[in-house]
Structures are given as structure tokens and as C-alpha cells.
Amino acid sequence: MTNTEQRNYDSMANALREAGVAFEDTTWGNDVTASISVLLDTASIWGECEEEFQIYIPNSDVQDPPNEEFNTFAVTLIEQGRTVDFRRPEEVVDYLQSFTN
């Protein structure tokens, strides 16, 4: 992990802990970026269900995908394959919590 990536990982992990959101480090040694998995009980029109979110951690201060450098937290809702980018960990937490309200 780069220094930037470690700093961003720690910030994301701390924000999740402070919000009471359980998470798991799902980083593999050869991944482009570190990642965190979150399982949330969500409510939908069909009732309660569990949703998995994958949070990819920024590994750089610049956005340069051809060189595998990313400067945003990319959050993927696994079931839908939809990804949303955020600049700050607090924005990620707000997004996750919007699924539980």
C-alpha cells in the first residue's frame, strides 16, 4: 500500500467505526487499490434484505486511470454493479446510511 492509500484506508476505517458500521478488509496483495466490504441490512419494497458494498480506497492524489492511480473512494453496490465516487470518507458513510433509512 502506498502512503496515500494507507492514510485513506485509515480515514475510511475510522469513519466507518465512528458511525458504527461493521466492515471487513477485503484487500488482496495484487489489487490496484485496497478495499473494504460492508454488509448492511436494508429496507426495500420487498422487505428487509442484506446488501453488500465494496469500497475501493484512493491510492493517489491524482486521477490517472491508465496508470492505475485513483483519487476518489469508489463505492460499488455489488448486487446492482453500480459505482458512485466520493471525495471524503464522511460522504461514503452518508451514502451507506441512506440505504438503512
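Reckoned from all heavy atoms, side chains included, excluding hydrogens, waters and symmetry mates.
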Give, for atom [atom1] of [X] and atom [atom2] of [Y], the distance between the pair rounded to the nearest 0.5 Å.
{"X": "R7", "Y": "M1", "atom1": "CZ", "atom2": "CE", "answer": "13.0 Å"}
{"X": "F99", "Y": "L40", "atom1": "CZ", "atom2": "CG", "answer": "8.5 Å"}
{"X": "L96", "Y": "E91", "atom1": "CG", "atom2": "CD", "answer": "12.0 Å"}

[X] side chain near [Y] side chain, heavy-atom distance below 4.5 Å:
{"X": "T26", "Y": "D31", "result": "no"}
{"X": "I57", "Y": "Q6", "result": "no"}
{"X": "R87", "Y": "F73", "result": "no"}
{"X": "V92", "Y": "F53", "result": "no"}
{"X": "T33", "Y": "E68", "result": "no"}
{"X": "I55", "Y": "V75", "result": "yes"}
{"X": "V38", "Y": "E52", "result": "no"}
{"X": "D41", "Y": "T100", "result": "no"}

Task: N59 side-chain N/O to V32 backbone N/O, donor-acceptor pair under 3.5 Å - done: yes
TODO: Please answer whether the main-chain N or O of L77 pairs with a side-chain N or O of E51 as donor and acceptor at a distance below 3.5 Å.
DONE: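 Flag not set: sc E51 to bb L77 has no pair under 3.5 Å.
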- [ ] For atom CG of D25, decide whether the heavy atoms of other residues, nucleotides or ligands shown that lie under 6.0 angstrom number more than 12.
- [x] yes
TODO: Can you establish whether the number of heavy atoms outside E79 located under 6.0 Å from its atom CD is more than 12?
DONE: no
TODO: Return the minimal non-hydrogen interatomic distance between S35 and Y9, and the atom names on each side.
DONE: O-CE1, 4.2 Å
- [ ] Starting from the C-alpha separation in whole Å, work towards a yes-or-no answer on side-chain contact (heavy atoms from CB on, under 4.5 Å) for V93 and M12.
- [x] CA-CA 9 Å; V93 171; M12 187 73 256; 4.1 Å; yes
TODO: Scan T76, D85, T27, T83 and name whichever one has a side-chain contact (heavy atoms from CB on, under 4.5 Å) with Y56.
DONE: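 When T76, D85, T27, T83 are each tested with Y56, the side-chain contact (heavy atoms from CB on, under 4.5 Å) holds only for T76.
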Task: R88 and D94: CA distance, side-chain angles, deciding distance, salt bridge (Lys or Arg N to Asp or Glu O under 4.0 Å) verdict - done: CA-CA 10 Å; R88 298 182 359 231; D94 289 345; over 6 Å; no
- [ ] Would you kindly confirm whether I78 and V21 end up in one hydrophobic cluster when ILVMFWY residues are joined by side chain heavy atoms under 4.5 Å apart?
- [x] no
